[in-house]
A.B. asks: 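Got a structure here, written out as structure tokens. Questions coming.
Quick caveat, the model's predicted, so the values are computed rather than measured. Order of the sequence lines fixes the chain letters, A, B, ..., with proteins taken first and strands second; residue numbering starts at 1 for each chain.
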Amino acid sequence: VTVNPTAVAASTDRSEADTAVHRSRARGFKGLRAHWPQYVAIAPFYLLFAIFGLFPIVFSIVLSFTDWDGMGEIHFAGISQYAYLIQDSRFWNAVGNTFIIWILSTVPMLFLALVIAFLLHQNIRFKGFYRVAFFLPNVTSMVAMAIVFGSVFSDSFGLVNSALTALHIDTVPWVSSSWGIKVTIAVMVIWRFTGYNAIIYLAGLQSINTDLYDSAKVDGATTAQIFLRITIPLLRPIILFTVITSTVGGLSLFTEPQVLLGNGGGVDEAGMTIVLYQYNQAFTQFDFGYGSAIAWALFIIASVFAIINWRLLSDRSARTPKDKEARR
Amino acid sequence: MTTTTGDRPTPPRAPEHDPASDGSHRPQHTQSQVDRGIIFRARLGRLVTHAGIIFGVILSIFPFYWLLVMSTSTTAQIFGYPPKLTFGTSFGTNLSNLLSSIDIVSALVNTIIVSTLCAVLVMFFDSLAAFTFAKYDFPGRTRCSWSCWQRSSCRGACRSCPASSSCHGSDGSGI
């Protein structure tokens with residue numbers, strides 16, 4: 001019978017941790033009081049979180065079961081807000097828009113980011129400048145850039161339509177047609193976050209040991225094979241990270257449609273996203289109860305995606321049966 | 001065409017070690033021909049790389065440039081056809097219009113005050129908490145730091161929570 005050294009190490013760790021826990025429990029209230037400076041030092045985070053994080057979350061759960069215009073009395077309304085939500089076509093339109101924009105932006109964005117990272121990873125000059133240039137959009141206020149995108153994608157005489165006219169192609173009503181609006185918003189998202197994702201991919205590429213490439217080359221692997229068999233698998237956790245962050249960002253898309261189209265979501269609400277609809281209901285219609293219900297519906301949708309992402313992440317690192325045996 | 005380590009023209013090598021070849025055997029080529037081929041492919045690769053990067057840089061920088069151009073042009077010039085892509089001469093007029101319509105100076109001062117306060121307070125509270133977690137042992141340390149870390153790692157996700165999505169960045173602590 002062979003003894004698994006990691007299992008032994010794990011069990012010693014655990015017993016040490018157990019004794020530490022016992023020790024700290026034994027100290028009890030005295031221990032808590034003796035450590036008051038430490039508690040004071042970490043208190044600001046918890047205080048701020050309680051006031052600006054926890055309280056609004058709890059309060060919005062309460063609000064979602066009420067009818068409140070923000071000033072008058074709060075009337076309890078049971079689950080009627082949620083009942084209305086399920087058959088609200090405007091809400092489902094917003095859900096659909098959010099997902100379309102999310103796919104239109106995330107897929108090209110991550111692909112472009114990977115290409116840019118790949119190119120930036122070569123031995124080239126001015127690397128620092130290129131990196132800053134690609135990252136610059138991410139630190140810019142989207143509100144300021146809305147002016148730019150508004151003029152570039154303007155229906156009548158925007159830059160894009162001028163270019164199309166010059167090429168004798170029919171112009172596209174970018175901000176007044178259903179697909180035009182979605183594409184414009186997606187372009188704004190792509191412009192802003194491609195550089196950010198490229199920098200993350202670049203960090204991932206740099207962490208891959210170059211010996212792997214060299215040995216693959218010696219073995220006669222082509223560039224494509226190297227990319228598909230070495231780079232992509234080793235970048236997998238990083239790709240998943242960017243997918244998760246862009247999922248979260250895509251589901252809570254708000255700034256871009258709001259600054260481009262205003263609170264109404266554009267023509268036929270084609271640019272109405274879930275968060276924009278929530279904002280619209282709560283802060284322009286002053287229906288805080290319904291706004292909170294939308295927020296929690298979004299929370300449920302986001303949770304589903306979080307679980308999917310989490311399953312994808314933990315798939316590879318799942319314990320093999322051998323490990324489980326060692327733990328027994 | 002390009003690999004991650006860069007297609008540097010490698011000094012004389014046997015054809016079968018050529019990184020750019022797809023493993024196919026090419027016996028009829030002489031050594032110098034093969035070398036020239038490698039150098040050519042490496043140069044082409046670098047050219048493609050640079051072209052791709054510069055194209056991307058132009059796309060990501062252009063909105064900033066366009067913002068500058070717009071600040072020096074009149075509305076008619078911006079939306080005219082063909083659009084004028086170079087700097088105009090109306091910057092002075094635009095600036096005086098801006099200064100007369102809103103109090104931009106005090107808005108800037110407000111921005112500076114808020115961002116400075118924000119940065120200083122975040123640094124202060126964060127380093128205080130981080131130092132405590134790193135240097136001291138106290139009951140509940142692991143659990144507290146875990147919750148702190150959880151909160152920060154899912155801060156993006158919390159955006160989709162009701163509270164913060166309607167008032168972005170409400171937690172000034174930034175922790």
A.B. asks: Quick one: CG on B:Leu59 to CD1 on A:Ile190, what's the gap to the nearest 0.5 Å?
C.D. replies: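 Going from the CG atom of B:Leu59 to the CD1 atom of A:Ile190 covers 11.0 Å.
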
A.B. asks: Within the 4.5 Å heavy-atom criterion, are A:Phe134 and B:Val57 side-chain neighbours or not?
C.D. replies: yes

A.B. asks: Side chain, backbone, both or neither: which part of A:Ala166 has an atom under 4.5 Å from a heavy atom of chain B?
C.D. replies: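 Both backbone and side chain.
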
A.B. asks: Please check if the side chain of B:Thr132 supplies one atom and the backbone of A:Ala41 the other of a donor-acceptor pair under 3.5 Å.
C.D. replies: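 Pair absent, no side-chain N/O of B:Thr132 close to backbone of A:Ala41.
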
A.B. asks: Using only heavy-atom distances, determine whether the side chains of B:Trp66 and A:Ser151 contain a donor-acceptor pair under 3.5 Å.
C.D. replies: yes

A.B. asks: Hey, does A:Ile42 have a side-chain heavy atom less than 4.5 Å from the side chain of B:Tyr136?
C.D. replies: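 The answer is no; the side chains never approach within 4.5 Å.
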
A.B. asks: Given a strict heavy-atom distance threshold of 4.5 Å, which part of A:Tyr46 is in contact with chain B: side chain, backbone, both, or neither?
C.D. replies: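 The side chain, not the backbone.
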
A.B. asks: Would you mind checking which part of B:Phe131 comes under 4.5 Å of any heavy atom in chain A, side chain (CB onward), backbone (N, CA, C, O), both or neither?
C.D. replies: neither

A.B. asks: Do you know which of A:Thr140, A:Val152, A:Thr245, A:Leu63 has the most heavy-atom pairs with chain B at a distance under 4.5 angstrom?
C.D. replies: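 Among A:Thr140, A:Val152, A:Thr245, A:Leu63, the one with the most close pairs to chain B is A:Thr140.
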
A.B. asks: Does B:Ile54 reach the side chain of A:Tyr130, with side-chain heavy atoms less than 4.5 Å apart?
C.D. replies: yes

A.B. asks: Applying side chain to side chain contact (heavy atoms under 4.5 Å, CB included), run through B:Phe133 and A:Gln38 and close with a yes or a no.
C.D. replies: CA-CA 8 Å; B:Phe133 282 133; A:Gln38 282 84 0; over 6 Å; no

A.B. asks: Got a sec: does the CZ of B:Phe124 have more than 12 other heavy atoms crowding it under 6.0 Å?
C.D. replies: no

A.B. asks: Heavy-atom pairs under 4.5 Å with chain A: which of B:Gly56, B:Gly52, B:Pro63 has the most?
C.D. replies: B:Pro63

A.B. asks: Please flag which part of A:Ile116 lies under 4.5 Å from any non-hydrogen atom of chain B: side chain, backbone, both or neither.
C.D. replies: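 Neither part.
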
A.B. asks: Using a cut-off of 6.0 Å, state whether more than 12 heavy atoms not belonging to B:Phe40 lie near its atom CZ.
C.D. replies: no

A.B. asks: Starting at CZ of A:Phe126, measure out to CD1 of B:Ile53 and round the result to the nearest 0.5 Å.
C.D. replies: 11.5 Å

A.B. asks: Looking at every non-hydrogen atom in both residues, tell me the closest pair between A:Ile147 and B:Met70 and how far apart they are.
C.D. replies: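 Closest approach of A:Ile147 to B:Met70: CG2-CE, 3.9 Å.
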
A.B. asks: In terms of heavy-atom proximity below 4.5 Å to chain B, should A:Ser154 be classed as side chain, backbone, both, or neither?
C.D. replies: side chain

A.B. asks: For B:Ser60 versus A:Ala133, what's the shortest heavy-atom pair and its separation?
C.D. replies: OG-O, 3.0 Å

A.B. asks: Looking at side-chain heavy atoms only, is the closest gap between A:Met145 and B:Leu67 below 4.5 Å?
C.D. replies: yes

A.B. asks: Parallel under 30°, tilted from 30 to 60°, perpendicular over 60°: which one fits the rings of B:Phe138 and A:Tyr39?
C.D. replies: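 Correct class here is perpendicular.
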
A.B. asks: Side chain, backbone, both or neither: which part of A:Leu120 has an atom under 4.5 Å from a heavy atom of chain B?
C.D. replies: both

A.B. asks: Identify which of A:Leu54, A:Thr165, A:Ile274, A:Ile301 forms the greatest number of heavy-atom pairs closer than 4.5 Å to chain B.
C.D. replies: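 Sorted descending by pairs with chain B, the first entry is A:Thr165.
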
